[in-house]
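Here the structure comes first, spelled out in structure tokens, and everything after it is commentary.
Indexing begins at 1, ligand by ligand and atom by atom, following the structure's order.
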Amino acid sequence: MVMTNVQPILTLKNITTKFGTSVVHEALDLDVNTGEILGLVGGSGAGKSVLLRTAIGLNKPTTGSVHLRAKQIGVLFQHGALFSSMTVAENVALPLFEHTSLSRNEALRLARLKLALVGLDSAAGERYPAELSGGMIKRAALARALIREPDMVFLDEPTAGLDPISAAAFDQLILTLSKALGLTVVLVTHDLDTLYAICDRVAVLAKKHIIAIDSLAKVAEHEDAWIQAYFHGPRGRAIIEQHSNQSANTAEN
Ligand SMILES: Nc1ncnc2c1ncn2[C@@H]1O[C@H](COP(=O)(O)OP(=O)(O)OP(=O)(O)O)[C@@H](O)[C@H]1O
């Protein structure tokens with residue numbers, strides 16, 4: 001028997017996070033496995049964004065420990081808008097301007113390569129953010145998250161604000177890049193389609209900690225009231241039906 005002893009790329013242990021008297025996380029544990037796409041869901045205000053910030057060291061927990069074993073991370077923030085006064089390529093190159101000694105031209109050349117990777121041509125790179133569609137802006141923000149060759153990325157609501165077709169295309173882009181680049185992905189989402197389409201596991205943040213973490217099918221069976229409402233409410237049921245029809249069609253073809 002082959003014994004594997006691979007450490008999680010991220011381990012959060014017994015995290016408590018307080019802002020004044022308000023407790024956001026309490027006794028929260030979370031492991032993220034190398035190479036997986038983990039979807040983090042939870043009600044509005046449950047503390048998902050704070051959890052991402054804690055994982056990447058932008059928020060120090062009140063107690064508990066964070067072990068992030070990634071060599072390099074990339075982040076797509078929820079409101080991670082691009083700077084309006086810079087071109088798209090300059091926005092993507094910004095982390096290189098700030099953190100490396102690359103020349104401006106070298107940084108911009110790498111930015112254009114990353115833009116191509118996410119499906120944006122060099123003309124888009126020369127434009128200003130206001131001249132791009134919402135979907136193109138998300139792609140540019142993803143290119144910026146990838147610019148320093150991360151082995152792990154954190155995406156806070158990557159498909160929020162996109163129409164369903166653009167959101168599905170963006171999901172597929174995340175999946176393709178994750179597999180091609182061997183990226184570990186943690187993404188916060190409210191989008192059930194994203195969970196079905198690309199997540200290996202789903203973690204549910206409720207009652208100040210991770211109440212369930214498993215495959216989508218197993219998590220959806222959890223008896224917690226929020227989970228039942230989320231996965232088996234009218235919207236959840238419609239999406240489950242749609243995805244089971246899709247699987248049946250794929251199996252037939
Ligand atoms: N720096 C801060 N100071 C004080 N309170 C904060 C701070 N950051 C977040 N909070 C509070 O922590 C709670 C969790 O916020 P968070 O943004 O993580 O929720 P969320 O699950 O990401 O919500 P949503 O799905 O609506 O984006 C909220 O009540 C928020 O007001």
Side-chain angles (χ1 to χ4, degrees), residues 10-32 36-68 73-82 134-135 137-138 141-142 144-145 152-164 166-167 170-171 174 184-199 201-214 216 219-220 222 224-236 239:
L10 171 67
T11 306
L12 302 181
K13 262 210 176 88
N14 207 17
I15 298 285
T16 294
T17 306
K18 293 182 188 167
F19 294 111
T21 52
S22 148
V23 180
V24 180
H25 303 136
E26 194 164 35
L28 181 151
D29 292 323
L30 174 67
D31 280 339
V32 179
E36 76 173 333
I37 302 182
L38 178 72
L40 177 62
V41 297
S44 283
K48 304 178 295 295
S49 297
V50 172
L51 191 58
L52 282 202
R53 294 175 66 80
T54 305
I56 63 179
L58 286 181
N59 185 79
K60 196 173 161 10
T62 312
T63 57
S65 64
V66 178
H67 286 286
L68 181 59
I73 61 163
V75 187
L76 194 161
F77 288 105
Q78 191 177 355
H79 304 294
L82 307 178
I137 287 187
K138 294 278 186 190
L142 183 61
R144 185 170 62 185
M152 182 171 196
V153 290
F154 294 85
L155 313 175
D156 200 349
E157 299 199 29
T159 58
L162 296 184
D163 67 77
S166 305
F170 200 74
D171 283 343
I174 295 169
T184 306
V185 179
V186 176
L187 61 89
V188 170
T189 188
H190 289 289
D191 192 335
L192 270 163
D193 282 317
T194 302
L195 299 181
Y196 275 96
I198 66 170
C199 292
R201 290 197 304 161
V202 175
V204 180
L205 176 55
K207 300 174 184 145
K208 305 181 175 40
H209 60 274
I210 302 294
I211 59 167
I213 179 164
D214 212 322
L216 180 63
V219 165
H222 197 286
D224 175 81
W226 187 87
I227 292 182
Q228 286 303 312
Y230 182 69
F231 289 101
H232 303 292
R235 207 173 147 260
I239 290 172

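Qualifying side-chain hydrogen bond (donor to acceptor under 3.5 Å, both in side chains) partners for Asp214, counting only residues two or more places apart in sequence or in other chains: none.
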Please list every donor-acceptor pair under 3.5 Å in which a side-chain atom of residues 152-162 meets a protein atom from a residue at least two apart or in another chain.
residue, atom, partner, partner atom, Å
Asp156, OD2, Ser49, OG, 2.8
Glu157, OE2, Gln78, NE2, 3.3
Glu157, OE2, His190, NE2, 3.4
Thr159, OG1, Asp191, OD2, 3.1

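Side-chain contact between Tyr230 and Val204 is absent, with no heavy-atom pair separated by less than 4.5 Å. A heavy-atom distance below 4.5 Å is found between the side chains of Lys13 and Asp29. Contact of the Ile211 side chain with the Ile227 side chain is registered, since non-hydrogen atoms from C-beta on lie closer than 4.5 Å.
For residues 201-210, the pairs satisfying side-chain hydrogen bond (donor to acceptor under 3.5 Å, both in side chains) are Glu36-Arg201, Lys207-Asp224, with sequence neighbours left out.
Protein residues are said to neighbour a ligand when one of their heavy atoms lies under 4.0 Å from it; for ligand 1 these are Phe19, Val24, Gly43, Ser44, Gly45, Ala46, Gly47, Lys48, Ser49, Val50, Gln78, Glu157, His190.
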